[in-house]
Protein chains: 2
Amino acid sequence: MAAPARKKPVKRRRSPIQSRGQVTVDAIVEAAAQILAKKGPAAATTNAVAARAGVSIGTLYQYFADREALLREIGRRHVAEMQAVLAGALTGMEGLALPAAVDRLVSAIVAMHRVAPRLHQALHQSLARDHLDTIDAFEVAVEAMVASALVGRGDDLDLPHPELTATVLVRGLGGLIRTTLRREPERLDDPALALAMRAMILGTLGESRRKG
Amino acid sequence: MAAPARKKPVKRRRSPIQSRGQVTVDAIVEAAAQILAKKGPAAATTNAVAARAGVSIGTLYQYFADREALLREIGRRHVAEMQAVLAGALTGMEGLALPAAVDRLVSAIVAMHRVAPRLHQALHQSLARDHLDTIDAFEVAVEAMVASALVGRGDDLDLPHPELTATVLVRGLGGLIRTTLRREPERLDDPALALAMRAMILGTLGESRRKG
DNA sequence: GGAGAAGATGAGTCTTTGCTCAGATCCTCG
DNA sequence: CGAGGATCTGAGCAAAGACTCATCTTCTCC
């Protein structure tokens, strides 16, 4: 009623037109990702990011409306990278027998998490209730992907609830990998762990089928 | 060389001696846990906590050296509570057949996470690289517990690497539950999910054994 | 009752951080 | 070359939050 307070008086974000603008944006995102990965969310202040990127804070705010927007962009890029790695590791799986396919899947998921483990963790921490959307959407997509892959080989599997099984597998494996990454990062290279994951997947599939 | 800078000039924390002191401490911890659970780590400022607890900030700092110490205390209490719930839900499992024992384990783990889901999540977020020690120690203990339980029924199981299997199961289930809690909290009550978890555990155990 | 310890207060200090703005500098293109 | 837009600068503002301290109140116990 009183004064019509302007909510968003200016649209701050500028899309780079000249190439040097793009270079600057990349430098900022890169710097932020590095700090995030190396020192955690708390250290990733806008000033620190700008300093590391070698630009002034003013420049940073020319391209990002606020700190959140910057984090969101990092999340977007990270997810895209993971997606690419996953897709690459999963090509040409159609012809494989189940155990071989599972091996392939395990190494794909591990590889995907190895892209930028510290950053992945930092994002999961800092993206409080907001940018997790991006990551969540990706995880949902992965679950759907796995579910359809399970349905795809219907003959030898015949699961009563492929989606449910996919959900359990994807979330379980993801959690396992994230916990391991945080507590014993070096262990991700342990072949025994990969075998154990394989056993978990195959066992879960077998046991789930029997229930049909 | 120059001035011998005093590092920790005062030990600020006072242990409550009179009963009203204990009451105050409890109120503070309780208030902090509530804010943490309801609004996340960022909202849990020392001033907000003191206000909610109905005491002045000065009082808060009489009992806690700093914000970290307060968070650490909350972590300690939360872990203790989870431990109690888990222990309670696991008593008298010795005589049970494997499937029944697994059912029991599943509901115990779910119950344990249901103690204070939002707080659990907030702690996992805020306890950056510090108080996670407390939670980590607990999780390690759970892994050891499960491992020994697996060894305990050696006859019908005979796993080649009980610790590894326990690790995979505990971390996998924990991750699955945490993810579900964050994205679809209501689903934790879904019996189908419990069944799927059961299948995962039984399947993993069976498949792991076969490898021996 | 009253001395002294335990407990509580909260205004205020100090620091940090997100973010703005009034310009300076660089590029493109006619 | 030079006009005008794109880009960049960085001192500094305002807000927020952790924490202190001088002082007051309440309790214990002889």
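Residue numbering restarts at 1 for every chain, and letters A, B, ... go by the order of the sequence lines. The structure presented is a predicted model; accordingly, all values stated were derived computationally and were not measured.
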Under the rule for salt bridge (charged side-chain N to carboxylate O under 4.0 Å, His left out), what residues qualify as partners of R187(A), not counting sequence neighbours? E184(A)
Give each protein N/O atom lying under 3.5 Å from an N/O atom of nucleotides 28-30 of chain D, with the pair distance.
none

Who pairs with A166(B) by side chain to side chain contact (heavy atoms under 4.5 Å, CB included), at least two apart in sequence or on another chain? V146(B), A147(B), L150(B)
How does protein contact run along nucleotides 8-18 of chain C, one letter per nucleotide 5' to 3', with B for base contact, S for sugar-phosphate only, - for none, heavy atoms under 4.0 Å? BBBB-----SB
Within residues 28-37 of chain A or reaching into it, pairs that qualify as side chain to side chain donor-acceptor pair (under 3.5 Å) - sequence neighbours excluded: E30(A)-Q34(A), Q34(A)-R52(A)
Determine which pairs satisfy salt bridge (Lys or Arg N to Asp or Glu O under 4.0 Å) with at least one residue from residues 100-116 of chain A, sequence neighbours left out, and list them in order. D103(A)-R198(A), R114(A)-D189(A)
Using the test ring pair (Phe, Tyr, Trp, His ring centres under 6.0 Å), find all partners of H161(B) that sit at least two apart in sequence or belong to another chain. none
Rounding to an integer number of Å, can you tell me how far I28(A) CD1 sits from dT7(D) P? 12 Å
Rounded to the nearest Å, what distance is computed from the CG atom of residue D26(B) to the P atom of nucleotide dG7(C)? 13 Å
Donor-acceptor contacts, no H, no angles, side chain residues 78-87 of chain A, under 3.5 Å, sequence neighbours left out:
none

Restricting to non-hydrogen atoms, name the atom on R118(B) and the atom on K38(B) that form the minimum distance, rounded to 0.1 Å. NH2-O, 4.4 Å
When the rotation axes relating C1' atoms of four end pairs to the next four are compared across the helix from dG1(C)-dC30(D) to dG30(C)-dC1(D), five pairs an end, they differ to 10° by 10°
Of all residues at least two apart in sequence or in a different chain, which pass the side chain to side chain contact (heavy atoms under 4.5 Å, CB included) check with A48(B)? I35(B), T45(B)
Apply side chain to side chain contact (heavy atoms under 4.5 Å, CB included) to T179(B) and list each qualifying residue two or more places apart in sequence or on a separate chain. E139(A), R171(A), R178(A), R183(B)
Can you sort out the partners of R77(A) under side-chain hydrogen bond (donor to acceptor under 3.5 Å, both in side chains), two or more places apart, ordered by chain and number? D26(A), E73(A)
Separation of atom CD1 in I17(B) from atom C1' in dT26(D), rounded to whole Å: 15 Å
